[in-house]
Amino acid sequence: MTAFPHLSADWEPTRATLHAYAQAIGSIPRAFLDPHPKWWHVSLKVRDRGLVTDPIPVPDGSQATIWLDVAGGEIRVVQHDAVDGRIALDAGRTAREVGESLTSVFADLGRSGEVDKERFANDDPRPFDPVAASAFWESARLSARVFEEHRASVDGDVGIVQLWPHGFDLSTEWFGTRVETYEEEGELKEYPSQLNLGFYPGGRAYFYSNPWPFESSKLLDQPLPHGAQWHTEGWEGSILYHDALAGDADGPAKLAEFAAAVHAAASPTLLA
C-alpha cells in the first residue's frame, strides 16, 4: 500500500471547515431518512470519489445523495447521475450558508421538512487549503482500506466503515456478546459491548481502538506494537499517532497490526 501522507502543521483550519460542512451535510439524511438503530443513517460513507450520504428518496421515485468530494474541492447533490447543486469548498461559504443551500436544493426536489438547522448554525469564516485537504483525504482513504481489511478478518457482528459528522472521525465497530444494562433518562437500557477502530484527524492526528466497557485491570499490562499506547486520560482505549506512521511504506501494515493487537487483547473481555 501507499504510505500515509504527512498532515501539514496548518491543516487545522481546513479540517474545521470540512467538519462544519460535514455537519451541515449530515443534517439532511437525519431529517429525511428512517433512523437506523445505530445511527448509521446520518454518517458519511467512504467512496473513491469522496464521502457520501445514504441515498435519500425524493417524490419522483428516484434518490438523491450528497457528496463531500474533498479531493475534487466541492459538495454536490446528485440525482439520476446529474448534479442538482454544487458548492465549491474554497468559496468561503459559512456552515449556515452550506446548510441552507442544501436544504433549499432538497426542497426543490420535493423534500421539505424539519431540518435541524442548529447543526449548522455557525457563521465563522471557512478557509480551505486544497493541498492540506488532499493529504487528509489520502490518509482517510488508506485508513478506510485498512479498516475494511480488519473488519473482514474478525468474526462476529461488525459495523461498516463510516465518517461521523459530529466528531469528524472515521471508524468501524466490532460488537461483542456481552450486554451492559444501565439507567438512561429514567429507563433501563441495554447496549452491546463494542470495540471501535478509528482515525481522528484533529490536533495531533491519531488512530484509536477503544473497547467498551474498558477493563483496565486486564488491558493496561498488555503490550501494543509500533509505539501505540493504552490511553486513560479523558477517554479510555488505545492510541497510535498518525505522524508515527506517516511517510512509512509499512505504515498501513503497522496500523493493521495495531488493530489486530487491540482486538486480540480486548475482545475476550467483551464476550458474555
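Residues in residues 36-58 take part in these side chain to side chain donor-acceptor pair (under 3.5 Å) pairs, two or more places apart or across chains: Ser43-Lys45, Ser43-Gln162, Lys45-Asp54.
Other members of the hydrophobic cluster containing Tyr241, listed by chain and number, are Tyr200, Tyr206, Tyr208, Trp235, Ile239; membership follows side-chain contacts under 4.5 Å among ILVMFWY residues, whether direct or relayed. In the hydrophobic clustering (ILVMFWY side chains linked at under 4.5 Å, chained through shared members), Tyr191 is joined by Tyr182, Trp212.
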Step by step, work out the side chain to side chain donor-acceptor pair (under 3.5 Å) result for Glu236 and His231. CA-CA 5 Å; Glu236 294 178 318; His231 187 282; over 6 Å; no
Verify side-chain contact (heavy atoms from CB on, under 4.5 Å) between Phe147 and Asn196, making sure each step is shown before the conclusion. CA-CA 10 Å; Phe147 294 176; Asn196 59 21; over 6 Å; no
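Under the 3.5 Å distance criterion, with hydrogens and angles disregarded, a donor-acceptor pair is assigned to the side chains of Trp67 and Thr65. Counting only N and O atoms by type, the side chains of Ser62 and Asp60 include a donor and acceptor under 3.5 Å apart. Of the N and O atoms on the side chains of His166 and Gln23, not one donor lies less than 3.5 Å from an acceptor on the other residue.
A search for salt bridge (Lys or Arg N to Asp or Glu O under 4.0 Å) contacts involving Arg15 returns Glu12, not counting sequence neighbours. Remark: Arg145 engages no residue in a salt bridge (Lys or Arg N to Asp or Glu O under 4.0 Å) (not counting sequence neighbours).
A donor-acceptor contact shorter than 3.5 Å links the side chain of Asn210 to the backbone of Ser238. A donor-acceptor pair is defined here as one N or O able to donate and one able to accept, closer than 3.5 Å; such a pair exists between the side chain of Ser143 and the backbone of Ser139.
Annotation for Asp123: atom CG counts as buried by contact number, over 12 foreign heavy atoms lying within 6.0 Å. Within a 6.0 Å sphere centred on CD of Glu114, other residues, nucleotides and ligands contribute 12 heavy atoms or fewer.
For the side-chain hydrogen bond (donor to acceptor under 3.5 Å, both in side chains) criterion with Asn122, the lone passing option out of Arg126, Glu118, Arg119 is Arg126.
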Under 3.5 Å, side-chain donor or acceptor atoms of residues 263-272 against the rest of the protein: list the pairs with distances, not counting sequence neighbours.
from: Ser267; atom 1: OG; to: His263; atom 2: O; distance (Å): 2.6
from: Thr269; atom 1: OG1; to: Ala266; atom 2: O; distance (Å): 2.6

